[in-house]
Amino acid sequence: MELENYKTHILLLAQKWRLQMLTPEELQELHNWYRSLEDTDLEAPLEMSVDRVEKLLHRLFSNNDRLKADDDSACPPYPL
C-alpha cells in the first residue's frame, strides 16, 4: 500500500474507531498501528484516548518525527 493510501486508511480506521464502528479485523489493524507508535494498548474512544490518537494522526500526516504524542501543539489533520 502506498504511503498516502496508508495514511488515509489509518485516518478512516480512527474515525470508525471513534464512532465504535470497526470490525474486529479493523480494530486489530488500528491497534497494531497505535502499538507501533506508543508503548501501550489502544483504549476505548474516550476523550483522553481520542486526543492521543488525534496527535498521532497529526504526526502521521505531517511526517514530523520530532512531534511527540504528548506535545500539546500537535493537532489532527481532521477532527475525529
Test side-chain contact (heavy atoms from CB on, under 4.5 Å) applied to [X] - qualifying residues, sequence neighbours left out:
X	answer
T40	Y34, E38
N5	M1, E2
E47	D51

Next on the checklist: Going by salt bridge (Lys or Arg N to Asp or Glu O under 4.0 Å), name the pairs with one or both residues in residues 21-34, residues two or more places apart or in two chains.
Outcome noted: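 Salt bridge (Lys or Arg N to Asp or Glu O under 4.0 Å) check on residues 21-34 returns K16-E26.
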Checklist entry - Does H31 have any side chain to side chain donor-acceptor pair (under 3.5 Å) partners at least two apart in sequence or in another chain, and if so, which? => result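 Per chain and number, H31 pairs via side chain to side chain donor-acceptor pair (under 3.5 Å) with no residue.
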Next on the checklist: For Q28, give me all partners under side chain to side chain donor-acceptor pair (under 3.5 Å), at least two apart in sequence or on another chain.
Outcome noted: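 Counting only residues at least two positions away or on another chain, Q28 forms a side chain to side chain donor-acceptor pair (under 3.5 Å) with N32.
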Item to check | Side chain proximity check, F61 to L11, heavy atoms < 4.5 angstrom | outcome: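 Yes. Closest side-chain heavy atoms under 4.5 Å.
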Checklist entry - Quick one: are D41 and R35 in side-chain contact, heavy atoms under 4.5 Å? => result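 D41 vs R35: side chains touch.
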For the residue pair [X] and [Y], what are the closest heavy atoms and their distance?
X	Y	answer
L30	L22	CD2-CD1, 4.1 Å
W33	L56	CH2-CB, 3.7 Å
R18	P45	NH1-O, 3.8 Å

Next on the checklist: If hydrophobic clusters are built from ILVMFWY residues whose side chains come within less than 4.5 Å, do L37 and L57 share one?
Outcome noted: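 Yes.
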Next on the checklist: If hydrophobic clusters are built from ILVMFWY residues whose side chains come within less than 4.5 Å, do Y6 and L42 share one?
Outcome noted: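 In one cluster with Y6: L42, yes.
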Checklist entry - How long is the gap from OG on S62 to NZ on K55, to the nearest 0.5 Å? => result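 Result: 13.5 Å between the selected atoms.
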